[in-house]
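Just follow the structure's listing: the first ligand is 1, and inside any ligand the first atom is 1.
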Amino acid sequence: MGCLEGKTALVTGGARGIGAAIVRRLAAEGAHVALVYRGAAAAAQALVAEVTAAGGKAFAIQADVSDSARIAELFAACDAVFGAAPNLDILVNNAGIGSDGQDASLRSGSEDLFDRMMAVNAKGPYLVTQAALPRLRANGRVVNIGSISGKVAQPFAAGYAMTKRALQSLTFSTAQQVARQGITCNLIAPGAVATDFIAALRERPGFDEGNAKATPMGRMGQPDDIAGAVLMLCREEARWVTGNVIEAAGGLAI
Ligand code: NDP
């Protein structure tokens, strides 16, 4: 029997990349997983089919996490499957956007890109967490996916780094808000992970090799490296671990 048997989970950005790996891990441990996608409908349905074929339970819901009206619809759809609140054991705020190859620097990054990153990476988790609060069951888990960008100076991606620092702040506030219910809230901060998110960076000659060299563990992160860290926090044994920023970066930001 998996360690999350009987639990429910909601993973934003769950159709692709790190989110998909988290969905696979949680479902494999027995959780019934709601995966939220924005545009990747085909990938979402394929992942639901994959999880179901493996004997797990998952369903997909379309929503833009930066839009409060869509979030209300998202949770209504969740309630329809999970039943009356409180009905949620695990919330993973994973959806996020980066610069996707655009100039995101402090010197010349655009206001539009800054606003979009703030809306998805900071306002999104705030709104989703707010809507999830009355639904979270005692002994639940909130896991936010931040970045080591929230820790180190990054003038080449200053706005993105700010969004991930904001998510750290939300993590601390959430942890205190839900502590009396035995619910934990922590942030996992990945280093570079091989997903579409950094596709533009990886096209630069030598990026992968340079990243592996700079990483004490000698390689780039894979989505399942982050999913493993999320699962660690969701296990019963992690019940006293809350309000932390936990780097999952092979030692990159030590
Ligand atoms: P991907 O680009 O592979 O996936 C991003 C996910 O976010 C997609 O599932 C996408 O959904 C979803 N998403 C984007 N915007 C919205 C929105 N407005 N509403 C709902 N969902 C949205 O990236 P990763 O898997 O790599 O990134 C996941 C998280 O990890 C992000 O928060 C990112 O900041 C963080 N991270 C990633 C690192 C990396 O190197 N890859 C390093 C450090 C942190 P859809 O496809 O359906 O549109």
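The atoms of ligand 1 that sit less than 4.0 Å from any heavy atom of Tyr37 are 47 (O). Within ligand 1, counting atoms from 1 as listed, the ones closer than 4.0 Å to a heavy atom of Val120 are 15 (N), 16 (C), 18 (N). Remark: ligand 1 atoms within the under-4.0 Å shell around heavy atoms of Gly17 are 3 (O), 25 (O). Close contacts of ligand 1 with Ile97, meaning ligand atoms under 4.0 Å from a residue heavy atom, involve 14 (C), 15 (N).
Atom 44 (C) of ligand 1 has its closest protein heavy atom at Gly146 O, 3.1 Å. For atom 34 (O) of ligand 1, the nearest protein heavy atom (residue, atom name, distance) is Tyr160 OH, 2.7 Å. At the top of the distance list for atom 42 (C) of ligand 1, counting protein heavy atoms only, stands Gly191 O, 3.0 Å. The nearest protein atom to atom 46 (O) of ligand 1, hydrogens excluded, is given as Arg16 NE, 2.6 Å; this is a heavy-atom distance. The protein atom (non-hydrogen) at minimum distance from atom 20 (C) of ligand 1 is Ala63 O, 3.3 Å. Among protein heavy atoms, the minimum distance from atom 45 (P) of ligand 1 is reached at Gly39 N, 3.5 Å. Annotation: atom 11 (O) of ligand 1 to nearest protein heavy atom, Arg38 N, 3.8 Å. Of the protein's heavy atoms, Gly96 O, 3.7 Å lies nearest to atom 5 (C) of ligand 1.
Taking CG of Asn139 as the reference point, atom CG of Asp89 lies at 8.0 Å (rounded to 0.5 Å).
For ligand 1, one of its N or O atoms has an N or O atom of Val193 under 3.5 Å away. Residue Thr195 has at least one N or O atom closer than 3.5 Å to an N or O atom of ligand 1. Between Ala192 and ligand 1, not a single N/O pair is under 3.5 Å apart. Every N/O-N/O distance between Pro190 and ligand 1 stays at or above 3.5 Å. Note: an N/O pair closer than 3.5 Å links Gly13 and ligand 1 by distance alone. The distance criterion of under 3.5 Å between nitrogen or oxygen atoms is met by Ile18 with respect to ligand 1. For the pair Lys164 and ligand 1, the shortest N or O to N or O distance falls below 3.5 Å.
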(message) One pair to check against salt bridge (charged side-chain N to carboxylate O under 4.0 Å, His left out): Glu247 and Lys151. What are the steps and the verdict?
(response) CA-CA 10 Å; Glu247 287 164 23; Lys151 173 184 179 183; 3.0 Å; yes
(message) Please evaluate residues Arg219 and Asp225 with respect to the criterion salt bridge (charged side-chain N to carboxylate O under 4.0 Å, His left out), reporting the C-alpha separation (whole Å), side-chain torsions for both, the decisive distance (0.1 Å), and the verdict.
(response) CA-CA 11 Å; Arg219 64 170 175 82; Asp225 294 324; 2.8 Å; yes
(request) Walk me through it: do Asn94 and Thr12 pass the test side-chain hydrogen bond (donor to acceptor under 3.5 Å, both in side chains)? (result) CA-CA 5 Å; Asn94 162 76; Thr12 67; 5.3 Å; no
(request) Could you walk me through whether Ser108 and Ser105 pass side-chain hydrogen bond (donor to acceptor under 3.5 Å, both in side chains), step by step? (result) CA-CA 6 Å; Ser108 51; Ser105 69; 3.3 Å; yes
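Within the 3.5 Å criterion, the main-chain N or O of Ile183 finds no donor-acceptor partner in the side chain of Arg239. Arg135 places a side-chain N or O within 3.5 Å of a backbone atom of Ala131 that can act as its donor or acceptor partner.
For the pair Ile188 and Ala229, the tightest heavy-atom approach, listed with the atom from each and the gap, is CD1-CB, 3.7 Å. Shown here for Ala44 and Leu35, the closest heavy-atom pair between the two residues is CB-CD1, 3.7 Å.
Atom CE of Met162 has 12 or fewer heavy atoms from other residues, nucleotides or ligands within 6.0 Å. Surrounding CD of Gln181 are more than 12 heavy atoms belonging to other residues, nucleotides or ligands, all under 6.0 Å away. Other residues, nucleotides and ligands contribute only 12 or fewer heavy atoms inside 6.0 Å of the OH atom of Tyr126. When the shell of 6.0 Å around CD of Glu111 is examined, it contains 12 or fewer heavy atoms from other residues, nucleotides or ligands.
A donor atom on one side chain and an acceptor atom on the other are found under 3.5 Å apart for Thr129 and Asn93.
Ligand 1 is never approached by Ala44 to a heavy-atom distance shorter than 4.0 Å. Ligand 1 lies nowhere less than 4.0 angstrom from a heavy atom belonging to Thr12.
Within the 4.0 Å heavy-atom criterion, both parts of Asp64, backbone and side chain, lie near ligand 1. Counting heavy atoms under 4.0 Å from ligand 1, residue Ala41 does not touch it at all. With a 4.0 Å heavy-atom cut-off, ligand 1 is reached by no atom of Val36.
One option in Ala199, Ala15, Ala95 has a heavy atom closer to atom 13 (N) of ligand 1 than any other, and that option is Ala95. Compare Asp67, Val11, Asn94 by their heavy atoms: the one nearest to atom 29 (C) of ligand 1 is in Asn94.
Aromatic ring centroids of Phe82 and Phe75 lie 6.0 Å or more apart.
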